Amino acid sequence: MAPPDHTPGAKPPGQSDSATRPVRVTVPALQAMAHEGRRIAMLTCYDASLAAQCDAAGVDALLVGDSLGMVIQGHTSTLPVTVADVVYHTRCVARGSQRALIIADMPFGSYQASPEVAYAASVEALQAGAQMVKLEGGAWLAPTIEFLVRRSVPVCGHIGLTPQSVHAFGGYRVQGKSDAAADAVIADARALGEAGCGLIVVECVPRLLTPRLESAAGVPVIGIGAGPECAGQVLVIYDALGITPGKPARFVRDFMKDAGSVGAALAGYVGAVRDRSFPGPQHCF
Ligand code: KIV
């Protein structure tokens, strides 16, 4: 059988090659989308039922986020999440999804100590059904990213506000606000792009930084609280469906409002990312 064609101009990623089985979205396909100026819609996902709904709505990538520690397990941070938790939820998502790229978020303590430790945890995630792993951290993580990429583990970076560093930051705060802090986030983006990241999530930075980030990274930047100029957007799915308790963060939009069904809300999210109506100025820093 011929391999799926993900070159620019080919059929959209994830479109069915046969009547029965959709082609799974790949990292090169997302890079081609960004190259063509088509926005990438990513959501977190932790279970099979919502994974199937996301596929039907056209979500491009599903992040099995360590936010599961907060929205599924009820912790006050992501720090208690284990590799076993991420592996379990990745298996659930992989059973429900046939189309979206699945990214497993490597939890606190599973990759920081050494490239070898990161590789062992990443192998578990890929064997559970992920096609990519996500690691939080800047330039200091470049040797680990290179180590993984050379061993065929696709890596998504995560810079700006990295929630696993909540105690080091002293809270969940917007990053890159001063000139020096902005330069540091840009340097992180460059280091991660050069180390071989295929995508980079950037969380909670002033939107004015995004064009510099995109050009420094050289790969698609997926924003959460980083402005509409990013190549793609990601939200925690429970935030997008308006079911996270408490006051939502500034960058959140409740797509369930007026949608009528979960499917319509998810399709509304994808549509708003694609036509660039989300995030609006009220969601930016
Ligand atoms: O775990 C998560 O949900 C994340 C997103 C905030 C990007 O890392």
Side-chain angles (χ1 to χ4, degrees), residues 30 40-47 50-51 54 59-83 85-90 92-93 100-112 121-122 125 130 132-138 141 155-166 169 171-175 185 188-189 192 197-205 210 213 217 219-227 230-241 243-244 246 248-253 269 273 278-279 283 285:
L30 295 182
I40 299 164
M42 183 190 293
L43 281 172
T44 69
C45 193
Y46 321 99
D47 72 88
L50 281 174
C54 285
V59 176
D60 302 302
L62 299 176
L63 171 65
V64 185
D66 63 354
S67 49
L68 73 87
M70 299 172 83
V71 298
I72 303 270
Q73 298 174 334
H75 295 295
T76 53
S77 79
T78 59
L79 301 191
V81 176
T82 64
V83 174
D85 293 333
V86 170
V87 163
Y88 171 81
H89 287 282
T90 300
C92 296
V93 169
L101 179 83
I102 300 173
I103 305 172
D105 208 3
M106 302 317 292
F108 183 63
S110 70
Y111 59 90
Q112 290 90 342
S122 301
M132 183 175 222
V133 298
K134 178 169 82 59
L135 312 180
E136 294 185 10
L141 206 50
V155 178
C156 175
H158 184 159
I159 56 175
L161 170 53
T162 45
Q164 291 173 18
S165 305
V166 58
F169 288 150
Y172 297 103
R173 300 177 201 290
V174 178
Q175 301 295 304
V185 180
D188 285 339
L192 265 53
C197 281
L199 304 170
I200 299 178
V201 167
V202 179
E203 182 166 351
C204 291
V205 298
T210 313
L213 276 171
V219 293
V221 167
I222 313 293
I224 173 164
C230 297
Q233 299 293 328
V234 58
L235 277 183
V236 170
I237 193 165
Y238 288 5
D239 290 346
L241 295 177
I243 52 178
T244 306
R250 181 184 173 98
F251 53 77
V252 168
R253 177 170 149 195
Y269 170 73
V273 171
F278 176 77
H283 303 118
F285 299 103

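In listed order, ligands and their atoms are each counted from 1. Since this is a predicted model, take the numbers as computed values, not measurements. We count residues from 1, following the sequence as given.
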**Student:** From Asp105 CG over to Asp66 CG, what is the distance, rounded to the nearest 0.5 angstrom?
**Tutor:** 4.0 Å
**Student:** Kindly compute the distance separating CD (Gln233) from CZ (Phe251), expressed to the nearest 0.5 Å.
**Tutor:** 11.0 Å
**Student:** If we only consider heavy atoms of Glu136, is any one of them less than 4.0 Å away from an atom in ligand 1?
**Tutor:**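 Judged by the 4.0 Å heavy-atom criterion, Glu136 does not count as contacting ligand 1.
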**Student:** List every atom of ligand 1 that sits less than 4.0 Å from any heavy atom of Lys134, numbering the atoms from 1 in the order shown and giving each element.
**Tutor:**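 Listed by number with element, the hits are 8 (O).
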**Student:** Mind listing the closest non-hydrogen atom pair of Val174 and Val205 along with its distance?
**Tutor:**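 The pair with the smallest heavy-atom distance is CG1-CA, 4.1 Å.
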**Student:** CG/Asp47 to SG/Cys54 distance, rounded to the nearest 0.5 angstrom?
**Tutor:** 9.0 Å
**Student:** Distance check, rounded to the nearest 0.5 Å: Leu141 atom CG versus Leu135 atom CG?
**Tutor:**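 Output value for this atom pair is 5.0 Å.
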**Student:** Go through the steps for Arg253 and Tyr269 under the test side-chain contact (heavy atoms from CB on, under 4.5 Å), then give the verdict.
**Tutor:** CA-CA 9 Å; Arg253 177 170 149 195; Tyr269 170 73; over 6 Å; no
**Student:** Which atoms of ligand 1 have any heavy atom of Thr44 under 4.0 Å away?
**Tutor:** 3 (O)
**Student:** Out of all atoms in ligand 1, which are within 4.0 Å of some heavy atom of Val236? Include the element for each.
**Tutor:** 3 (O)
**Student:** So which protein heavy atom does atom 3 (O) of ligand 1 come closest to, and at what separation?
**Tutor:** Ser67 OG, 2.5 Å
**Student:** Quick check on contacts: which atoms of ligand 1 are under 4.0 angstrom from a heavy atom of Gly65?
**Tutor:** 1 (O), 2 (C)
**Student:** List every atom of ligand 1 that sits less than 4.0 Å from any heavy atom of Asp105, numbering the atoms from 1 in the order shown and giving each element.
**Tutor:**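 Checking each atom against Asp105, I get 1 (O), 2 (C), 8 (O).
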**Student:** May I ask you to check whether Ser67 and Tyr46 show a side-chain donor-acceptor distance below 3.5 Å?
**Tutor:**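 Indeed, the side chains of Ser67 and Tyr46 share at least one donor-acceptor pair under 3.5 Å.
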**Student:** Run the numbers for me: atoms of ligand 1, each under 4.0 Å from some heavy atom of Glu203, listed by number.
**Tutor:** 6 (C)
**Student:** Closer than 4.0 Å to some heavy atom of Ile224 - which atoms of ligand 1 meet that?
**Tutor:**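 Those qualifying, in numeric order: 6 (C).
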**Student:** Tell me, which protein residue and heavy-atom name are nearest atom 5 (C) of ligand 1, and how many Å apart are they?
**Tutor:** Leu63 CD2, 3.8 Å
